[in-house]
Amino acid sequence: MAQRPSIPKGTRDFGPQIMVKRNFIFETIRNVFKRYGYQPIETPAMENLTTLLGKYGDEGDKLLFRILNSGDFLSGIDTNAADFQSGNIASSISEKGLRYDLTVPFARFVVQYRNDISFPFKRYQIQPVWRADRPQKGRYREFYQCDADVVGSNSLLNEAELVQIVDDVFGQLKIQTVVKINNRKILAGIASYIGSPDSLTDITIAIDKLDKIGIENVNRELEERGISAKSIQLLQPILFMTGNSREKINALEGLIGTTEIGAKGLEEVKTLFDYLDSMNLNLSYELDLTLARGLNYYTGAIFEVKALNVSIGSVCGGGRYDDLTGIFGLPDVSGVGISFGADRIYDVMSELNLFPEKTSESTFALFVNFGKEEEKYCLPYLRTLRQAGINSEIFPEADKMKKQLRYADQKNIPVVILAGEEEVKNKQFTVKWMQSGEQQTIQAEKLVELLTH
RNA sequence: GUGGUUGUAGCUCAGUUGGUUAGAGCAUCAGAUUGUGGUUCUGAGGGUCGCGGGUUCGAAUCCCGUCUUCCACCCCA
């Protein structure tokens, strides 16, 4: 009754060759995080739904994977009731869900361990998250996020530092990127300026589509969403705004600078750009008013990093959240963070052929196995090589040499060490360099020396 | 969640208006070669034609459902 094995939609297996590359990405990001003084934490794959629900907006709630309660999950539920529908009983039969991102679990963590944490707290976290989205290229249902966050500090220096981290990471990975920067307070200022403070989300969604569908369609959509003609009129100069980041900021001051929240947002952005301008970054960064970012909890700066020259969208995103911990009972702790999408970074690097050839994770030397006596002869030297930090192995059975060399060839092992009857008798090894095919016979005690040079 | 798309050997793909026992290349394994891989030659194994149902004398081929893939919308890493 063997059935064809498979894995759920939108999930993937990773073989050894792929894992070497994935680990390269993880290690690069992890090392940068450490360099900036961030400390690691991990949280469970599943959280209580009360922790997760309502943090990501209606769309986000729909994309949460829910975990069915164990045991008789229908006990206590009237299956004959008139309102017996999935929507109504969902909360009764499921109380846990897979995490949707790392930021919300982190906020929960901070509140829960507030007495053990000294602020500002800088943490990094590299773990998978799950979204019940419809998969596409660069969009998976299980993927890794690499997050760095600072909580307990309002300073915009943190925002600047995160951009620096982005610069370091993508610099090391050799990916060309642009950081799009916006500020929720500016968006709120725009909404307030045009007299529709409650329509902030409608307006930002509409602005976001400007490039795609054009000004007329955007205006029509705003109208359909119930924005008044006067508001739309006031919005036009903002939609048509051109120039570089500084010019846009200056232009905005004459418009939304009159609103309290808009003025605050502009001031924050100016400060951030001042910091960034003094940092000698390699990547480019720009104010992008069309950047809205759906996550509900952002209140200040928002970032999105796009890789240049590829079809895949954003590879990194983040922003400031002033009251995420407040939801869990710890008010007045502001945080700001950034999240690298490892899987998309992988896709970008694949597409652009950016992975380095060399990998330190594979085997360097293989002892060919000629039989029981020869095995015994090799084992102490195998141990010595390993202790010297050389990745090495012995073929586990005395198969044909052809097969053993083939194994080395396919595993890309550069060095093969042969010890047959002759070598054992003379306390020697024959070392074969696979790439050139050259081989040399040396005294056994010279083996480590030869291979470490 | 809405609309479209894809699925034949491990991989990339052929497969005639519906017609015998579904093919090729690459990969795998074995041999040529008992201490030498990549090249070459010879041979072999490997298929519930995504899955389930229907139409038909007969289905990889036509119809319906379902799963999966990719794409657009939505949203996002």
Side-chain angles (χ1 to χ4, degrees), chain A residues 1-12 15 25 29 56-63 86-87 100-103 126-147 166 177 201 204-205 208-209 212-213 291-296 298 302-307 311-319 337-348 366 368-371 374 395 398-424 429-439 441:
Chain A
M1 291 308 264
Q3 47 180 327
R4 182 170 292 187
S6 64
I7 56 176
K9 185 205 290 227
T11 65
R12 293 141 315 142
I25 294 171
I29 294 172
Y56 309 107
D58 291 342
E59 282 297 321
D61 284 355
K62 279 187 211 154
L63 297 179
S86 37
Y100 179 92
D101 72 356
L102 300 179
T103 309
I126 298 177
Q127 290 191 273
V129 303
W130 294 268
R131 296 183 188 178
D133 214 343
R134 191 170 283 204
Q136 285 181 37
K137 196 176 204 75
R139 172 174 302 190
Y140 308 102
R141 297 184 120 181
E142 176 184 62
F143 59 96
Y144 271 75
Q145 291 194 326
C146 312
D147 275 37
V166 170
T177 54
T201 37
T204 51
I205 288 170
D208 188 38
K209 290 184 180 171
K212 281 185 196 166
I213 63 176
L291 174 59
R293 291 195 61 76
L295 294 179
N296 272 5
Y298 291 128
I302 40 186
F303 312 105
E304 191 160 298
V305 183
K306 293 211 158 124
S311 50
I312 292 153
S314 91
V315 289
C316 183
I338 197 136
S339 178
F340 290 84
D343 303 78
R344 284 193 179 171
I345 292 173
Y346 181 97
D347 291 341
V348 168
L366 172 78
V368 170
N369 191 328
F370 281 89
E374 292 86 346
F395 202 84
D399 238 314
K400 285 183 182 165
M401 172 123 69
K402 172 178 172 141
K403 179 160 183 185
Q404 300 192 43
L405 286 180
R406 223 170 128 76
Y407 173 82
D409 190 41
Q410 294 188 338
K411 214 170 156 183
N412 249 313
I413 298 173
V415 173
V416 167
I417 301 164
L418 303 135
E421 210 178 318
E422 277 300 302
E423 285 90 346
V424 172
F429 283 110
T430 296
V431 174
K432 179 182 173 81
W433 302 87
M434 291 295 279
Q435 203 170 348
S436 65
E438 286 170 28
Q439 54 188 62
T441 301

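Here is the naming used below: chain letters follow the sequence lines, and residue numbers restart at 1 for every chain.
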What interatomic distance, in whole Å, is found between [atom1] of [M] and the corresponding atom of [N]?
N	M	atom1	answer
B:A24	B:A77	P	49 Å
B:G35	B:U28	P	23 Å
B:U12	B:G47	C1'	16 Å
B:G23	B:A60	C1'	12 Å
B:C13	B:C74	P	30 Å
B:C26	B:C41	P	9 Å
B:A14	B:U8	C1'	10 Å
B:G15	B:G19	P	13 Å

Report which part of the nucleic acid [X] touches: base, sugar-phosphate, or nothing (heavy-atom distance under 4.0 Å, all strands).
X	value
A:Gly371	nothing
A:Gly60	nothing
A:Glu423	base
A:Ile345	nothing
A:Lys137	sugar-phosphate
A:Arg406	sugar-phosphate
A:Glu374	nothing
A:Gly420	base

Which helical stems does RNA chain B take part in, if a stem means at least 3 consecutive Watson-Crick or G-U pairs with both distances below 3.5 Å?
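B:1-4 with B:70-73, B:10-13 with B:23-26, B:28-32 with B:40-44, B:50-54 with B:62-66 - these are the stems of 3 or more pairs that involve RNA chain B.
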
Above 12 or not: heavy atoms from other molecules or residues under 6.0 Å from CD of A:Glu438?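 12 or below, so no.
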
Calculate the interatomic distance between [X] atom [atom1] and [N] atom [atom2]; express it in whole Å.
X	N	atom1	atom2	result
A:Phe303	B:A77	CZ	P	13 Å
A:Lys62	B:C75	NZ	P	11 Å
A:Tyr298	B:A77	OH	P	6 Å
A:Asp347	B:C71	CG	P	10 Å
A:Phe429	B:U36	CZ	C1'	17 Å

Result for 5'-nearest mapping on RNA chain B, choosing between A:Glu421 and A:Asp133, is A:Glu421

Whichever of A:Leu405 and A:Tyr100 has the more 5' nearest nucleotide on RNA chain B, that residue is A:Leu405

Quick check for you: among [options], whose closest atom lies nearest to any side-chain atom of [X]?
X	options	value
A:Lys402	B:G37, B:C75, B:A77	B:G37
A:Met434	B:G37, B:G35, B:C70	B:G37
A:Pro135	B:C74, B:U69, B:G31	B:U69
A:Lys9	B:U69, B:C29, B:G35	B:U69
A:Arg131	B:A77, B:G35, B:C75	B:A77
A:Leu63	B:U36, B:C75, B:A30	B:C75
A:Met401	B:C75, B:A77, B:U36	B:U36
A:Lys400	B:G37, B:A30, B:A77	B:A30

Between [Y] and [X], is there a side-chain heavy-atom distance shorter than 4.5 Å?
X	Y	result
A:Ile126	A:Phe340	no
A:Asp101	A:Ser339	no
A:Leu418	A:Phe429	no

Problem set entry | Side-chain donor/acceptor contact of A:Gln404 with base of B:U36 under 3.5 Å | no

ask   = Is there a donor-acceptor contact under 3.5 Å from the side chain of A:Arg344 to the main chain of A:Gly138?
value = yes

Can you name the residues that form a side-chain hydrogen bond (donor to acceptor under 3.5 Å, both in side chains) with [X], not counting sequence neighbours?
X	answer
A:Glu304	A:Arg293
A:Arg134	none
A:Thr430	A:Glu423, A:Thr441

Residues of residues 407-415 of chain A with a heavy atom under 4.0 Å from any atom of RNA chain B, listed by number, are A:Asp409, A:Gln410

List, with names and distances, any nitrogen or oxygen atoms from the protein found under 3.5 Å away from nitrogen or oxygen atoms belonging to nucleotides 3-7 of chain B.
from : atom 1 : to       : atom 2 : distance (Å)
B:G3 : O6     : A:Arg134 : NH1    : 3.1

Sorted by chain and residue number, the salt bridge (charged side-chain N to carboxylate O under 4.0 Å, His left out) partners of A:Arg12 (sequence neighbours excluded) come out as A:Asp343

Go through the structure and list residues passing side-chain contact (heavy atoms from CB on, under 4.5 Å) with [X], not counting sequence neighbours.
X	result
A:Ile413	A:Thr363, A:Leu366, A:Glu393, A:Tyr407, A:Ala408, A:Lys411
A:Asp347	A:Tyr140, A:Ile312
A:Asp399	A:Phe395, A:Glu397, A:Lys403, A:Gln404
A:Ala398	A:Asn369

- Contacts of A:Tyr100 that satisfy ring-ring contact (aromatic ring centres under 6.0 Å, His included) - sequence neighbours left out: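 A:Tyr100 satisfies ring-ring contact (aromatic ring centres under 6.0 Å, His included) with A:Tyr56 once adjacent residues are dropped.
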
